Colleague: 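Mind looking over this structure? Questions follow.
The figures here come from the full heavy-atom set of this structure, side chains too, leaving out hydrogens, waters and symmetry mates. Every value quoted in this text rests on a predicted model; they were computed, and no experiment measured them. One is the number of the first residue; the rest follow in order along the sequence. One-based numbering, in listed order, for ligands and for the atoms of each.
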Amino acid sequence: MLHLIIDTDTAGDDAAALLLALKSQDVKVDAVTVNCGNVSFDQEVENALYTVEFAGKGNQVPVYAGCRTPILKNWTTVEEVHGKDGMGNANFPKASKAVENVHAIDAIVGMINDNPGEMTIVELAPMTNLALAIRKDPSIVKKIKHIYFMGGTHNYPGNVTPSAEFNTWVDPDAASIVLGSGIPLTMVGWDITMKYGLLGKDDIDQIRLMGTANSKFFLQISSAEKAYLQKSTGLEGITCPDSITMAIAIDGSIATRTIPRYVMVDNRDGPFRGAISVDDYNIMLKDANVNVVYEADTAKFKKLLFDTLNGS
Ligand code: RIB
Ligand code: CA
């Protein structure tokens, strides 16, 4: 059984990834922690509560509110991508589930110390909560089993600036702390989304034909992202950055080519803020700190996603 802490800036693509984990027979979601990012923080918390409840785990999976802002930088939310509510303007009813009264940083530190070597973290957001948990109790770096993070981009344009992906751009200082922590890390960059995690028209039609509560939920929460992708790139489809990251955490065989690399992040202000550099030729003569995913099995990813959406 895979024990997960999922850190999220809950918008549509995060919620889809949460659903994959919450519905998996191979996963126990021990906690969901919320980080600043996609939309207003309180809305992200509400979206996480709603999604956990929608998945039928309202009484089992705690949701913890974390950092409302990055460590140092200012950032802008991206309602234009996800909708004002982050969920495709579904305006879902308020969840009956309440957020926990423990801060996410304390929850992460406590769970890792109580379960040394057992907890895997799936990082779907900027890494503020994670970085400050490491700062609060540095001993956890030796107790975290693995972190799979959706972040950065390698040999592929960024999505928030030409050089940076959104999660590492929002809080590059946090990313720098996590990349330097020594924790076992697997990076699933925006390049992997665009090459292997993009649903096309036929996929969307297949999901629509399922007619299940999960498929309707997915199409609703993805509708704003679909419209944004069409408007910004001309592509008809749905990008699944958080879902393909979650899928790889659940089934490692979906990542078909992963290479240990030395990875850096630019945490300066300016045009390269949040840019991730992967040292493919070991120019820096530094030990690898990240397992970088280079290729993934699209068919396997889609099967996991479709099986979840087609299920109850
Ligand atoms: O760049 C895509 C990532 O940024 C996704 O995790 C999305 O949810 C946002 O957090
Ligand atoms: Ca996210």
Colleague: Below the 3.5 angstrom mark, is there an N/O of Trp190, backbone or side chain, next to an N/O of ligand 1?
Modeller: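 Min N/O separation from ligand 1 is not below 3.5 Å for Trp190.
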Colleague: How open is the angle at the Ca ion (ligand 2) from atom OD1 of Asp9 over to atom O of Leu124, rounded to 10 degrees?
Modeller: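 Asp9 OD1 and Leu124 O form an angle of 90° at the Ca ion (ligand 2).
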Colleague: Taking 4.0 angstrom as the limit and counting only heavy atoms of Asp9, give me the atoms of ligand 1 inside it, by number and element.
Modeller: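 By the 4.0 Å cutoff, the relevant atoms are 8 (O), 9 (C), 10 (O).
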Colleague: So if I count the atoms of ligand 1 from 1 in the order they appear, which ones are less than 4.0 Å from some heavy atom of Asn38?
Modeller: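 In order of numbering, the contacting atoms are 7 (C), 8 (O), 9 (C), 10 (O).
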Colleague: Which ligand 1 atoms are under 4.0 Å away from a heavy-atom of Glu165?
Modeller: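 By the 4.0 Å cutoff, the relevant atoms are 1 (O), 2 (C), 3 (C), 4 (O).
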Colleague: Any salt bridge between Lys73 and Asp173, counting N to O under 4.0 Å?
Modeller: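 The answer is yes: the pair qualifies as a salt bridge.
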Colleague: At under 4.0 Å between heavy atoms, is it the side chain or the backbone of Leu124 that contacts ligand 1, or both, or neither?
Modeller: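 The answer is the backbone of Leu124.
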Colleague: For N/O/S atoms only: which one belongs to Asp14 and is nearest the Ca ion (ligand 2)?
Modeller: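 In Asp14, the heteroatom (N, O or S) nearest the Ca ion (ligand 2) is OD2.
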Colleague: Check for a donor-acceptor pair, side chain of Asn47 on one end and backbone N or O of Asp85 on the other, with a separation under 3.5 Å.
Modeller: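 Side chain of Asn47 to backbone of Asp85: a pair is present.
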Colleague: Could you tell me whether Asp280 and Arg261 have a side-chain N and a carboxylate O separated by less than 4.0 Å?
Modeller: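 The answer is yes: the pair qualifies as a salt bridge.
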Colleague: When you look at Asp26 and Asp251, which way does the side-chain contact (heavy atoms from CB on, under 4.5 Å) test go after all the steps?
Modeller: CA-CA 9 Å; Asp26 303 322; Asp251 177 358; over 6 Å; no
Colleague: Using a strict 4.0 Å threshold on nitrogen-to-oxygen distance, state whether Lys94 and Glu46 make a salt bridge.
Modeller: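 Yes.
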Colleague: For Val109, which of Ile112, Asn113, Asp106 qualifies under side chain to side chain contact (heavy atoms under 4.5 Å, CB included)?
Modeller: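 Among Ile112, Asn113, Asp106, the one that satisfies the side chain to side chain contact (heavy atoms under 4.5 Å, CB included) with Val109 is Asn113.
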Colleague: Answer yes or no: does an N/O atom from Met150 fall short of 3.5 Å to an N/O atom of ligand 1?
Modeller: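 The answer is no, given that Met150 and ligand 1 share no N or O pair closer than 3.5 Å.
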Colleague: Taking 3.0 Å as the cut-off, does Ala11 contribute an N, O or S atom near the Ca ion (ligand 2), distance below it?
Modeller: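 It does not: Ala11 brings no N, O or S atom closer than 3.0 Å to the Ca ion (ligand 2).
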Colleague: Show the atoms of ligand 1 that are less than 4.0 angstrom away from any heavy atom in Asp13.
Modeller: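 Selected atoms, number and element: 5 (C), 6 (O), 7 (C), 8 (O).
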Colleague: Students should be able to answer this: which protein heavy-atom is nearest to atom 6 (O) of ligand 1, and at what distance?
Modeller: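 Of the protein heavy atoms, Asp242 OD1, 2.6 Å lies nearest.
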Colleague: If you count the atoms of ligand 1 from 1 in the order shown, which ones are under 4.0 Å from a heavy atom of Asn167?
Modeller: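 Atoms satisfying the 4.0 Å criterion: 3 (C), 4 (O), 5 (C), 6 (O), 9 (C), 10 (O).
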Colleague: Report yes if His82 has an N/O atom closer than 3.5 Å to an N/O atom of ligand 1; otherwise report no.
Modeller: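 So ligand 1 has no N or O lying under 3.5 Å from an N or O of His82.
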Colleague: Which of the atoms of ligand 1 are close to Phe166, meaning less than 4.0 Å from one of its heavy atoms?
Modeller: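 Once the distances to Phe166 are compared, the set is 1 (O), 4 (O), 9 (C), 10 (O).
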Colleague: Check whether Glu123 reaches the backbone of Tyr148 with its side chain - one donor and one acceptor, N or O, closer than 3.5 Å.
Modeller: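 No, Glu123 side chain to Tyr148 backbone: no donor-acceptor pair under 3.5 Å.
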Colleague: Determine whether the side chains of Asp42 and Ser40 contain a donor N or O and an acceptor N or O closer than 3.5 Å.
Modeller: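 Note: Asp42 and Ser40 side chains miss the donor-acceptor criterion.
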Colleague: State the atoms of ligand 1, each with its element, that fall below the 4.0 Å cut-off from a heavy-atom position in Asn159.
Modeller: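 Reading through ligand 1 atom by atom, the close ones are 1 (O), 2 (C).
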Colleague: Mind running ring-ring contact (aromatic ring centres under 6.0 Å, His included) on Phe217 and Phe92 for me, showing each step along the way?
Modeller: CA-CA 10 Å; Phe217 178 69; Phe92 291 122; 5.6 Å; yes
Colleague: Any ion pair linking Asp203 and Lys201 (charged N to carboxylate O, less than 4.0 Å)?
Modeller: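 Looking at Lys201 and Asp203, the cut-off is not met.
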Colleague: Strictly under 3.0 Å, is the Ca ion (ligand 2) approached by any N, O or S atom of Asp242?
Modeller: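 Asp242 does place an N, O or S atom closer than 3.0 Å to the Ca ion (ligand 2).
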